[in-house]
Amino acid sequence: RSVKSPAAYPIASADGTVNEVSARAFTTFAEKALPTHLVERIEITGDVVSEDLIMSKDASAKTPTAVLLTNKATTSSLLKAISHELEGRMRVIEVAYPSSA
């Protein structure tokens, strides 16, 4: 399994000042600790997503593939966590299409 280097939550900085300790600050810290390389993100500009676009040459035929369609600018923390938990057992692909204004 892939593992990111452990990181300590910075309650105090090097000069001794206390950093913000709130749920939002901790959430932001935890989101940055999630691995990002496990979700393959494909940006499309047209209306059609072909199977060739999703299936890469290195994809194993035995590995199931989950495809998520989204118009969000970034990959969600939940999807990153799920892809980390299912690493090696399932490929996770996120197909991002432009949102209509």
Please check this pair: side chain of Arg89 against backbone of Glu85, looking for a donor-acceptor N/O pair closer than 3.5 Å. yes
To the nearest 0.5 Å, how far apart are CG in Asn71 and OH in Tyr97? 4.0 Å
Working to the nearest 0.5 angstrom, can you tell me the gap between Lys80 NZ and Leu34 CG? 6.5 Å
Which atom names give the shortest non-hydrogen contact between Ser77 and Glu31, and what distance separates them? OG-CG, 3.0 Å
Do Leu68 and Leu86 belong together in a cluster built from hydrophobic side chains that touch within less than 4.5 Å? no
Name the one of Val92, Ile82, Ile93 that satisfies side-chain contact (heavy atoms from CB on, under 4.5 Å) with Val39? Val92
Assess whether side-chain hydrogen bond (donor to acceptor under 3.5 Å, both in side chains) is satisfied between Glu94 and Thr70, documenting all intermediate values. CA-CA 7 Å; Glu94 184 176 41; Thr70 183; 4.5 Å; no
Would Leu69 end up clustered with Leu79 when hydrophobic side chains under 4.5 Å apart are linked, directly or stepwise? no
Under the side-chain contact (heavy atoms from CB on, under 4.5 Å) criterion, do Thr75 and Arg41 qualify, and how do the steps go? CA-CA 8 Å; Thr75 303; Arg41 188 171 173 92; 3.8 Å; yes
